[in-house]
Amino acid sequence: MKKSRVVDCYVAIRRVCIPYIPGLLAFREMYLLVPAVLRIINRYCVDLMLVDGHGISHPRRLGIASHVGLAFNKPSIGVAKKRLIGKEVIRNGNHFLEYKGEVVAAEVRTPRGGRIFVSPGHLMELHIAVSIVKRLFKYPYKLPYPLHLADSISKASKKLRTPSETLKVVKCPTSLDLSL
DNA sequence: GCGACAG
DNA sequence: ATCTTGTCGC
């Protein structure tokens, strides 16, 4: 398969004003996510969105990954480090999360043996989501590379910024070492 | 009523 | 998420 590369990167900065409540993560992060995503949408042909958080493996099948995909009308995939809802079940030797009789997420093995939960967001099917996430791993990172980079960038920017009340969207380096 | 609970 | 020491594999 063709080698992929990071083309562009942006980070939205502002002091958060909504608390984290399980099941309502989108309310806390969407107003930061949207401005940053718009920078990408306005300049590139986007055909898939990876989101750090659950997709349909959510109490109302509307995790932040589903929410973002729906907002921009793009296929989306949810990648979460921890379970939110559902019970673990085994189908054909693979582990999944089942909620109210429906398989809503797959448990995927990371390069170092850990596990993450992959769920369909918008316009997406579980097995497609899993196959895509698997080819985006980059040893030894726990998250598929695009999300690892995003996570790293957000933490780095939080360290050297003074929390402001006004939203700022800043362009970022597309390589990991330059971001630290 | 009690425990669970993405980031 | 964040805090935080030592420890293990590559």
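Here is how names work: the chains are called A, B, and so on, in the same order as the sequence lines, proteins then strands, and each is numbered from 1.
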Phosphate oxygens OP1/OP2 of [N]: is one of them under 4.0 Å from a side-chain N or O of [X]?
X: A/Lys82; N: B/dA4; answer: no
X: A/Lys155; N: C/dA1; answer: yes
X: A/Lys81; N: B/dG7; answer: yes

In residues 68-77 of chain A, which residues come under 4.0 Å of DNA chain B by heavy atom?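 Of all residues in residues 68-77 of chain A, none places a heavy atom under 4.0 Å from DNA chain B.
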Output the rounded distance in Å from [atom1] ([X]) to [atom2] ([N]).
X: A/Ile21; N: B/dC5; atom1: CD1; atom2: C1'; answer: 12 Å
X: A/Leu24; N: B/dG7; atom1: CG; atom2: C1'; answer: 12 Å
X: A/Leu97; N: B/dA4; atom1: CG; atom2: P; answer: 17 Å

Would you classify [X] as touching base, sugar-phosphate or nothing, given that sugar-phosphate means primed atoms plus P, OP1 and OP2, and contacts are heavy atoms under 4.0 Å?
X: A/Ile85; value: nothing
X: A/Gly23; value: base
X: A/Ile116; value: nothing
X: A/Phe117; value: nothing
X: A/Lys87; value: nothing
X: A/Arg112; value: nothing

Measure from the side-chain heavy atoms of [X] and tell me the nearest of [options].
X: A/Ile64; options: B/dA6, B/dA4, C/dA1; value: B/dA6
X: A/His58; options: B/dG7, C/dT2, B/dA6; value: B/dA6
X: A/Ala80; options: B/dA6, C/dT2, C/dC10; value: B/dA6
X: A/Glu29; options: C/dT2, B/dC5, B/dG7; value: B/dG7

Just say parallel, tilted or perpendicular for the rings of A/Phe27 and A/His67, cut-offs at 30° and 60°.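 Taking A/His67 first and then A/Phe27, their aromatic rings stand perpendicular (interplane angle over 60°).
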State whether the number of non-hydrogen atoms from other residues, nucleotides or ligands found under 6.0 Å of A/Lys159 atom NZ is greater than 12.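 At most 12 heavy atoms, drawn from other residues, nucleotides or ligands, come within 6.0 Å of this atom.
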Would you kindly compare A/Asp151 and A/Tyr139 by the position of their nearest DNA chain C nucleotide and give the one closer to the 5′ end?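 Here A/Asp151 is the residue nearer the 5' end.
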